[in-house]
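Heads up: the structure comes next, in structure tokens.
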Number of protein chains: 2
Amino acid sequence: MLPADVPALWLRDNCACPDCRDPLTGQKLFQITDLPEHLTVDAVRPLADQDGWELVWAPDGHVSRYTAAWLAQPAQPDPRTEDAKQLWGSAADLADRLPEADWTAYREDDAVRLRMLEAVARLGFCLLRDVPLRDGQVQEVARSFGYVRETNYGTQFEVRVEERPNNLAFTNVAITPHTDNPYRDPVPTLQLLHCLVNDAEGGDSGLVDGFAAAAALREGDPAAYAALTGTPVPFAFRDDTTELGAHRPLIATDPVGRVNEVRFNNRSLGTLRLPAAQTEAFYAGYRAFARLLLDPARQLDFRLNPGDCLVFDNTRLLHARTAFARGGARHLQGCYADLDHLFSTMAVLGRKEAQPC
Amino acid sequence: MLPADVPALWLRDNCACPDCRDPLTGQKLFQITDLPEHLTVDAVRPLADQDGWELVWAPDGHVSRYTAAWLAQPAQPDPRTEDAKQLWGSAADLADRLPEADWTAYREDDAVRLRMLEAVARLGFCLLRDVPLRDGQVQEVARSFGYVRETNYGTQFEVRVEERPNNLAFTNVAITPHTDNPYRDPVPTLQLLHCLVNDAEGGDSGLVDGFAAAAALREGDPAAYAALTGTPVPFAFRDDTTELGAHRPLIATDPVGRVNEVRFNNRSLGTLRLPAAQTEAFYAGYRAFARLLLDPARQLDFRLNPGDCLVFDNTRLLHARTAFARGGARHLQGCYADLDHLFSTMAVLGRKEAQPC
């Protein structure tokens, strides 16, 4: 039997007949306002060829077909929220194993590639080894699953000591855990860092799971969590040719309260101007969240060696580097990309069919 | 006198001394957790050279200086929310005038360029005239204020009738008002459409202010508004090589409830799977919002002629086109870009100084 409580308008909106959906593109051909105001089911007949139902609609006589299998499908989870992630609060949670693969295997074997992209989706990062030491290779890595996002830093940027840096990333000082470009909206959702040279004393790398820290904050200090999710914060970046700003909470949630983005960057947090009580609540929350994020126990430490390319989710993971001796040679090339196409490539690699009819 | 209720931690976090902020990059050099736990003001002295105060902090003896002018600065509004926009519910609200400029004037005169970019920020769009009829010129327009966002549709796309379209945009059918790529996250925040040929009967263009419609919905049907802002909706796009999805509400609000994004596209709304009561509430809201958005009275109608390039905010405005005769020649080139750099270019063009000290 067709379940009694299935809303009529939902059923009709999902009609897959060729009048309702373009057979070539799968796109819906009608507007929700084109459907009759008082839509009811006039008749239900079992499908002849499979388990399911053919419905005749009143008042317009339209006919729709639904299989039982399609009706029973579960909701698609949102892969961008904490619910779809494997959170890790320390290196131990990863069993001290990095999700890693050799570049040649990644390029030639779809299963390896899928495993690496799934690691970015689930853990927030993967590490590709033996990536050729070529200028611009980092963009090739990005193009293996998506598109490079160009910004004022270029299509790629050089992470090394510069004479007149516009950003502390381009010096030899330690950089505490942070997300990149919080002053940008849309923020780059992926970052890639490809190590070409690392002969420096120091200059090690670290990653922190911001979603895990946000969950810990919600658990341990609900007032702090509420202050951070509820307060848009101005982030700012400014140099001679650029002036970027974004107003976003440190912890962003979707409409049903699931964490889907963390922004944390002491260097570019701008000036909050709110009534005193709200300011104090925000700063108490900010300090509590920072204590969690900057706790060395949360940080996965490793060293990027020449040929290593780190791919990570900039909406979730914070990254850091230790200081290094000014004379030491260290050169990474980085670029930004976006998660949407990484997920698309994952889906196409792992394609399975599940259509309404 | 220094106002009594200014939170100490806020003041200290905004210290602009060279130990706290890098003089070259303006970036903050300390972490919030580096500041003493029980920070108090030990002494306040008036500044010698201007209206303001020098503070000595306890327990660490750090000295900070703040001008009265900096303290009195108002909060920076978030330019991406409805509060910063001039909403228009009909062409009449625009006094039937399009924000437009000649391409040569736009390129050569900073004031004209600033006026056009401000129109995009404030009204959601501008129209550039006499843009050279060159292949790829639309990307030149994007580069005049920012960066092209490459997607599966390329760095640019051709809007004309195709033999095997993967999207109804590339046919001659009417396209009702919609936002582009709602199945993408991050969504392209700007779209550009450059008309090269329009000899077709039909093929006219329309724009609708989605923020104005959202505000009208909130006013007229609060339950519908609550259902839409509170329900993440799966949007989906799929072809042979791509499979994109995003779970986003039709009306997105920031943490303090201001509208900052509208997504509306009947073609790519996927299958919502929620309990019956929530599904019914969503569909009632969806129909109510669609009625507002598709009301011809809300639509600004115009015709793109060869040389016209429309630049519009894809997080706010819906765009539409009427059907055209299949034999008629119509060819637009489009590309995506992002608002962050449009705002940066605006800020740099209109730069004024306002630093804490």
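In what follows, every heavy atom counts, from backbone to side chain, and hydrogens, waters and symmetry copies are set aside. Below, chain A is the first sequence line, B the second, and so on; all start at residue 1.
Within the 4.5 Å cutoff, the side chain of A/Asn152 has heavy atoms near those of the B/Tyr147 side chain. In this structure, the side chains of A/Lys28 and B/Asn265 stay at 4.5 Å or more apart for every pair of heavy atoms. The shortest distance between side-chain heavy atoms of B/Asn266 and A/Gln27 does not fall below 4.5 Å. Taking 4.5 Å as the limit, some side-chain heavy atom of A/Leu269 sits within range of a side-chain heavy atom of B/Asp13. For the pair B/Thr271/A/Gln76, no side-chain contact is recorded, criterion being any heavy-atom separation below 4.5 Å from C-beta on. Under the 4.5 Å side-chain criterion, counting only non-hydrogen atoms from C-beta, A/Phe237 is not in contact with B/Thr25. Using a 4.5 Å heavy-atom threshold, the side chains of A/Arg248 and B/Arg80 count as separate. Annotation: side chain of A/Phe343 is not in contact with side chain of B/Leu244 (no heavy-atom distance under 4.5 Å).
Closest of all the heavy-atom pairs between B/Asp5 and A/Ala276 is O-CB, 3.2 Å.
Using a 4.5 Å cut-off between heavy atoms, A/Arg149 contacts chain B through its side chain alone, with no backbone atom that close. With a threshold of 4.5 angstrom between heavy atoms, A/Pro77 approaches chain B through N, CA, C or O but not through any side-chain atom. For a residue to count as touching a neighbouring chain, one of its non-hydrogen atoms must lie under 4.5 Å from one of that chain's; by this rule B/Leu71 touches chain A with the backbone only. Of the atoms belonging to B/Asp78, heavy atoms from both backbone and side chain fall under 4.5 Å from chain A. Interface remark: A/Phe30 contributes backbone atoms only to the contact with chain B (heavy atom separation under 4.5 Å). Both the backbone and the side chain of A/Glu37 come within less than 4.5 Å of a heavy atom in chain B. With a 4.5 angstrom heavy-atom cutoff, B/Arg258 touches chain A only via side-chain atoms. In this structure, the portions of A/Arg287 lying under 4.5 Å from any heavy atom of chain B include both its backbone and its side chain. With a threshold of 4.5 angstrom between heavy atoms, B/Thr151 approaches chain A through N, CA, C or O but not through any side-chain atom. Both the backbone and the side chain of A/Asp185 come within less than 4.5 Å of a heavy atom of chain B. For chain B, no part of A/Leu274 is nearby; none of its heavy atoms comes within less than 4.5 Å. Interface remark: A/Leu294 contributes side-chain atoms only to the contact with chain B (heavy atom separation under 4.5 Å). At a 4.5 Å heavy-atom cutoff, the contact between A/Pro74 and chain B is made by backbone atoms alone. In this structure, chain B has a heavy atom under 4.5 Å from the backbone of A/Thr231, while its side chain stays farther away. For a residue to count as touching a neighbouring chain, one of its non-hydrogen atoms must lie under 4.5 Å from one of that chain's; by this rule A/Thr241 touches chain B with the backbone only. For chain B, the nearby part of A/Phe264 is the side chain; its heavy atoms alone come within less than 4.5 Å. Using a 4.5 Å cut-off between heavy atoms, A/Asp239 touches chain B through its backbone atoms (N, CA, C, O) alone. Within the 4.5 angstrom heavy-atom criterion, only side-chain atoms of A/Thr189, from C-beta onward, approach chain B. Heavy-atom distances place the backbone of B/Asp240, and not its side chain, under 4.5 Å from chain A.
When each of A/Val148, A/Val173, A/Leu9 is checked for heavy-atom pairs under 4.5 Å with chain B, A/Leu9 comes out on top. Annotation: maximal heavy-atom pairing with chain A below 4.5 Å, among B/Pro7, B/Ala246, B/Pro3, B/Ala252, occurs at B/Pro7. The candidate with the highest count of non-hydrogen atom pairs below 4.5 Å against chain A, out of B/Pro188, B/Gly230, B/Gly270, B/Ala236, is B/Gly230. For the options A/Thr315, A/Thr345, A/Thr176, A/Val187, heavy-atom pairs under 4.5 Å to chain B are most numerous at A/Thr176. Of the listed residues A/Ala277, A/Pro249, A/Pro186, A/Ala75, the one with more heavy-atom pairs under 4.5 angstrom with chain B than any other is A/Pro186. Options B/Thr279, B/Val6, B/Asp254 differ in how many heavy-atom pairs under 4.5 Å they form with chain A, and the most are formed by B/Thr279.
To the nearest 0.5 Å, atoms OH (B/Tyr283) and CG (A/Leu35) are separated by 9.0 Å. Rounding to the nearest 0.5 angstrom, the gap separating the CG atom in B/Leu272 from the CH2 atom in A/Trp10 is 8.5 Å. Here A/Thr33 contributes atom OG1 and B/Tyr286 contributes atom OH; the two are 8.5 Å apart, rounded to the nearest 0.5 Å. To the nearest 0.5 Å, atom NE2 of residue B/His341 and atom CD of residue A/Glu243 are 11.5 Å apart.
B/Glu150 is linked by a salt bridge (Lys or Arg N to Asp or Glu O under 4.0 Å) to nothing, counting only residues two or more places apart in sequence or in another chain. Legend: residues meeting side-chain hydrogen bond (donor to acceptor under 3.5 Å, both in side chains) with A/Asn314, ordered by chain and number and at least two apart, are absent.
A donor-acceptor pair under 3.5 Å links the side-chain atoms of B/Arg273 to the main chain of A/Gln73, judged by distance alone.
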